[in-house]
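We name chains A, B, ... by the order of the sequence lines, and we start the count at 1 in each one.
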Amino acid sequence: MSNQKGCVLHWFRNDLRLADNPALTAAATRAADEALPLLCCFIICPEQWKQHDEAPIKLDFLRRTLWELAKALEERGNYLFLLTANTFSEVPDVLETFVKAIDAQALFFNEEYAVNEHRRDQAVAGRLLPVMRSLHSYRDQSILPVKSIRTQAGEPYKVFTPYKRSWLELTDGSPISLWPKPPQTVTPDKPLVAAANRAATRANTAKAIDEVFAALELTDSTAWAAGEDAAHDELEAFIDSRAEDYDTLRDKPAVNGTSQISRFLANGTLSGRQCYVVATEARRRLKAEGASEHATKGFTTWISELIWRDFYIHLMTDNPRLSMHQPFKADTDQLQWNDDSSGFEAWCEGRTGIPLVDAAMRQLKQTGWMHNRLRMVTAMFFTKNLFLDWRLGERYFMRNLVDGYLPSNNGGWQWSASTGTDAAPYFRVFNPVSQSRSHDPDGEFIRRFVPELADLDNKSIHDPGKAQRKACDYPEAIVDLKTTRALAIERFKNLG
DNA sequence: AGGCAATTGGG
DNA sequence: CCAATTGCC
């Protein structure tokens with residue numbers, strides 16, 4: 001047994017960073033105050049993650065993120081230990097065993113809001129409160145805390161624009177500040193480390209982490225830089241050189257115009273607060289240098305996207321059914337979605353015969369990421385032209401995205417499917433060919449991912465003629481855009 | 001965070 | 001013949 005009188009434990013989940021981490025800073029502060037060591041843990045949940053459709057590439061990205069995190073924690077003496085619980089229902093057992101093995105006095109973690117995660121945490125609290133001195137949870141996922149924004153009637157907002165207005169008023173009134181760095185804590189002594197080692201896997205080598213992750217199906221994610229340092233580099237690169245043009249370039253899939261940080265937000269390598277603070281600070285500097293409102297519009301638009309993320313997190317927290325495959329608008333559950341597995345497969349594989357849709361779907365399959373504009377285009381084609389159940393598309397995205405994040409992915413799909421609150425009105429159906437002409441005018445993006453069309457001219461590449469398709473060995477469109485659009489509108493209209 | 005077709009008004 | 005505008009889905 002350890003000579004030190006116990007320790008403090010931080011449980012990492014979707015907050016894989018040292019900076020601006022409320023629970024971690026609180027844990028380290030408590031440990032420092034009481035001269036206790038601080039240990040950290042992370043729990044691998046193979047079966048649960050399968051049920052949650054976590055993508056193999058996202059799990060590989062997690063593996064690499066944990067390695068970066070573990071190295072940073074090792075340097076501070078806050079060693080990271082890996083535990084395995086097949087499903088969330090096993091987590092209380094697994095944690096209790098570890099907590100007892102290391103004699104943890106207090107457990108710290110940041111809240112998660114989807115139904116299963118919430119239930120897991122309730123069960124953990126019920127199990128551990130009797131055997132520990134204290135449990136501490138912190139609000140972290142969203143920039144403004146969940147349940148903090150309410151209408152004058154005290155209700156959660158259901159529409160983005162008034163929500164955003166209220167969000168901005170709140171942040172103007174009391175600016176967002178970041179959590180201080182976790183203070184240094186005493187190094188755990190040998191008996192404590194030995195006890196922890198017997199109960200879990202210490203993540204002090206890449207090999208040790210890889211062995212634990214051998215229980216999972218992984219897809220190589222090394223094209224995507226991982227870890228906190230990489231995340232800050234990427235954020236800085238965006239803020240310094242691309243954010244100014246975000247407003248005009250973000251809708252062009254052929255251009256690197258978006259922030260490229262969604263994968264870091266998805267697993268908490270970065271917090272939304274950090275992004276917001278960096279962006280508002282950069283905008284303030286520009287204005288101080290005399291920049292016009294127009295010149296800072298890129299920053300303002302990007303900040304608005306961060307608020308969309310908060311909106312969807314808040315919406316899911318206030319409406320837990322959203323994390324259980326339920327539409328926000330209950331009546332849309334009566335829609336008779338098509339049963340069309342060959343259409344579904346053509347969409348997945350990128351051979352629908354609509355060039356931009358196919359380019360986008362191939363980008364997802366090949367890289368694990370898809371441009372935001374194209375997520376809307378492909379989801380709209382899926383739900384309105386193929387008239388397939390949005391839940392199938394939502395699941396396919398989660399299973400393939402390196403940056404899959406339930407609130408945003410669900411929010412985006414329900415927006416496209418017109419089943420969500422403040423969603424696209426059912427009659428506002430994107431035409432993927434028009435979208436192609438306006439956002440990929442020279443077909444540059446299409447050429448990149450649908451190489452068989454590379455030699456077509458800028459005009460016909462968006463919708464090649466019969467002979468051109470034949471010559472390129474490219475399929476005819478699997479649906480007629482005009483008639484399927486009209487049918488979808490008709491079906492939605494009949495709901496009311 | 002649209003699309004479409006009918007209409008208008010200038011060449 | 002055309003771009004811009006309008007009303008509806």
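Here A/Arg250 lies in heavy-atom contact (under 4.0 Å) with sugar-phosphate atoms only.
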When you check every protein heavy atom under 4.0 Å of nucleotides 3-9 of chain C, what one-letter string (B, S, -) results, 5' to 3'? ------B
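Taking the six-membered ring where the residue is Trp, the centroids of A/Phe264 and A/His232 are separated by 6.0 Å or more. Aromatic ring centres of A/Trp413 and A/Phe382 lie closer together than 6.0 Å.
Salt bridge status for A/Arg448 with A/Glu444: present, with a side-chain N to carboxylate O gap under 4.0 Å.
For B/dA1, the OP1/OP2 oxygens have no side-chain nitrogen or oxygen of A/Gln435 closer than 4.0 Å. Contact annotation: A/Asn431 does not reach the phosphate of B/dG2 (side-chain N/O to OP1 or OP2, under 4.0 Å).
Annotation: side chain of A/Lys470 is not in contact with side chain of A/Glu476 (no heavy-atom distance under 4.5 Å). A 4.5 Å side-chain heavy-atom check between A/Arg150 and A/Tyr157 finds every atom pair outside the cut-off.
For A/Tyr405, the ring-ring contact (aromatic ring centres under 6.0 Å, His included) criterion is met by no residue, not counting sequence neighbours.
Put simply, the side chain of A/Arg283 never gets that close to the backbone of A/Phe299: no donor and acceptor are under 3.5 Å apart.
Residue A/Tyr163 contributes atom OH, which lies 20 Å from atom P of B/dA1 at whole-angstrom precision. Atom CG in A/Asp422 sits about 14 Å away from atom P in B/dA1, given to the nearest Å. Rounded to an integer number of Å, the gap from OH of A/Tyr312 to P of B/dA1 is 14 Å. A/Leu487 places its CG atom 17 Å from the C1' atom of B/dG3, with the value rounded to the nearest Å. The nearest whole Å value for the distance from the CG atom in A/Asn372 to the P atom in B/dA1 is 11 Å. Spacing between atom CZ of A/Phe430 and atom C1' of B/dC4 amounts to 15 Å, rounded to whole angstrom units.
Judged by distance alone, the side chains of A/Arg447 and A/Asn458 do bring a donor and an acceptor atom under 3.5 Å apart.
Between A/Leu401 and A/Ala55, the closest heavy-atom pair is O-CB, 3.4 Å.
Taking a 4.0 Å limit (strictly below) on heavy-atom distances, residues 385-397 of chain A does not reach DNA chain B anywhere.
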